[in-house]
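Written out below as structure tokens is the structure these notes cover.
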Amino acid sequence: MAEAKTVARPYAEAAFALAREQKTLAAWSGMLALIAAVAGDQQLRHLAADPRVSHEQLLGLLLGVCGDVQGRTSAAGDRMSGAADRLTREGQNLVRALVENRRLAVLPEIVEVFEELKNAAEARIEATVQTALPMSPDQIKALEQGLTRKLARQVTVTVTVEPSLIGGALVRAGDLVIDASVRGRLEQLAVTLNS
């Protein structure tokens, strides 16, 4: 997994630098998510691994599904919306580079690194919270506010229920890990007693 992220980083950093320069971070975020979703399709992954499928064929298929910057026009001459409007010329170039360098498999990591860079630039961070019991919207809001103060960044919390925690919560936000779960405390107690 770390190797894939290492391979993905230069692509993500190049896309981020371009998006930041053009002030199109949100658009690039959407384009990368689209490309990753299309490239993650089981049939497309099978085709990408098939040596009989040329780079040009694979590129044509990807761009056909994702769309191109030119767009299409209807018989009346109106611009059609949909897939054709989804990729900029730079987005197409990224797809081309990924196909030619056989790097489609690292698209999820490219998206991940890009989003990390985007969140850092926007002073945002995603936090995941595992709790033994569901949290109310008020509790989630209070947790977001507390983490925002502590981290000096805008925090968005995603909560999942994990009954094996027994009670409490496990919070992960970037490098910060707060284990306030009963399971975590029991594990710490066991380590203390065994040492």
Side-chain angles (χ1 to χ4, degrees), residues 1-9 11-13 15-16 19-20 23-46 65-66 81-83 86-87 91 104-195:
M1 187 64 101
E3 184 179 314
K5 203 164 183 177
T6 301
V7 170
R9 185 164 297 283
Y11 294 100
E13 288 175 347
F16 175 76
R20 190 170 192 178
K23 297 179 181 9
T24 56
L25 288 172
W28 267 93
S29 186
M31 276 194 300
L32 288 173
L34 171 67
I35 296 165
V38 171
D41 178 74
Q42 182 72 22
Q43 290 177 339
L44 199 126
R45 286 189 312 202
H46 180 70
V65 174
C66 292
S81 62
R86 295 181 184 164
L87 289 186
L104 287 176
V106 298
L107 266 162
E109 288 80 8
I110 292 172
V111 171
E112 182 182 340
V113 172
F114 181 89
E115 290 301 323
E116 289 170 2
L117 294 168
K118 178 178 173 277
N119 286 338
E122 295 174 341
R124 296 181 163 277
I125 192 165
E126 300 280 329
T128 58
V129 179
Q130 291 180 318
T131 62
L133 301 171
M135 293 178 70
S136 72
D138 290 338
Q139 290 171 320
I140 294 170
K141 185 175 180 178
L143 180 61
E144 283 179 342
Q145 290 171 347
L147 287 171
T148 295
R149 280 191 305 276
K150 180 172 181 63
L151 300 173
R153 289 180 165 185
Q154 182 60 42
V155 177
T156 304
V157 173
T158 303
V159 179
T160 57
V161 176
E162 182 57 52
S164 69
L165 293 177
I166 304 170
L170 177 62
V171 179
R172 288 187 177 94
D175 293 336
L176 175 69
V177 178
I178 302 170
D179 189 351
S181 67
V182 173
R183 182 182 71 191
R185 290 181 184 162
L186 289 172
E187 288 171 358
Q188 288 174 348
L189 178 62
V191 167
T192 302
L193 291 174
N194 289 328
S195 59

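- Remark: Arg124 CZ to Thr148 OG1 distance equals 9.5 Å, nearest 0.5 Å.
- Side-chain atoms of Asn119 and Ile125, non-hydrogen and from C-beta on, never get closer than 4.5 Å to each other.
- Minimum interatomic distance between Ala39 and Leu104 (heavy atoms only, all atoms of both residues): CB-CD2, 4.4 Å.
- Residues satisfying the side-chain contact (heavy atoms from CB on, under 4.5 Å) test with Leu117, not counting sequence neighbours, are Glu13, Phe16, Val113.
- Using a 4.5 Å cut-off on side-chain heavy atoms (C-beta onward), Leu25 and Phe114 make contact.
- Across all non-hydrogen atoms, the minimal contact from Thr131 to Met135 is CG2-SD, 3.5 Å.
- Once rounded to the nearest 0.5 Å, the distance linking CD1 of Ile166 with CG of Leu133 reads 11.5 Å.
- Of the N and O atoms on the side chains of Gln42 and Arg45, at least one donor lies less than 3.5 Å from an acceptor on the other residue.
- Residue Val129 forms a side chain to side chain contact (heavy atoms under 4.5 Å, CB included) with just one option from Val161, Ile140, Leu143, and that option is Leu143.
- Sorted by first then second residue, the side chain to side chain donor-acceptor pair (under 3.5 Å) pairs that include residues 157-174, not counting sequence neighbours, are Glu162-Ser164, Ser164-Arg183.
- When all heavy atoms are compared, the tightest approach of Val111 to Ala33 is CG2-N, 4.3 Å.
- Counting all heavy atoms, side chain and backbone alike, Met31 lies closest to Gly91 at SD-CA, 4.2 Å.
- Put simply, CG on Leu34 and SG on Cys66 are 4.0 Å apart, with the number rounded to the nearest 0.5 Å.
- Nearest heavy atom pair, residue Ala105 against residue Pro108, reads O-CD, 3.5 Å.
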Exercise for the section: Evaluate the criterion side-chain contact (heavy atoms from CB on, under 4.5 Å) for residue pair Glu109 and Val7; output intermediate values, then yes/no. Expected result: CA-CA 9 Å; Glu109 288 80 8; Val7 170; over 6 Å; no

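- The distance from atom CZ of Arg185 to atom CG of Asp179, rounded to the nearest 0.5 Å, is 8.5 Å.
- Here Glu126 contributes atom CD and Gln154 contributes atom CD; the two are 10.5 Å apart, rounded to the nearest 0.5 Å.
- Of all heavy-atom pairs between Leu165 and Leu170, the closest is CD1-N, 4.3 Å.
- In this structure Ala127 satisfies the side-chain contact (heavy atoms from CB on, under 4.5 Å) test together with Leu147, Val155, Val157, Ala173, sequence neighbours excluded.
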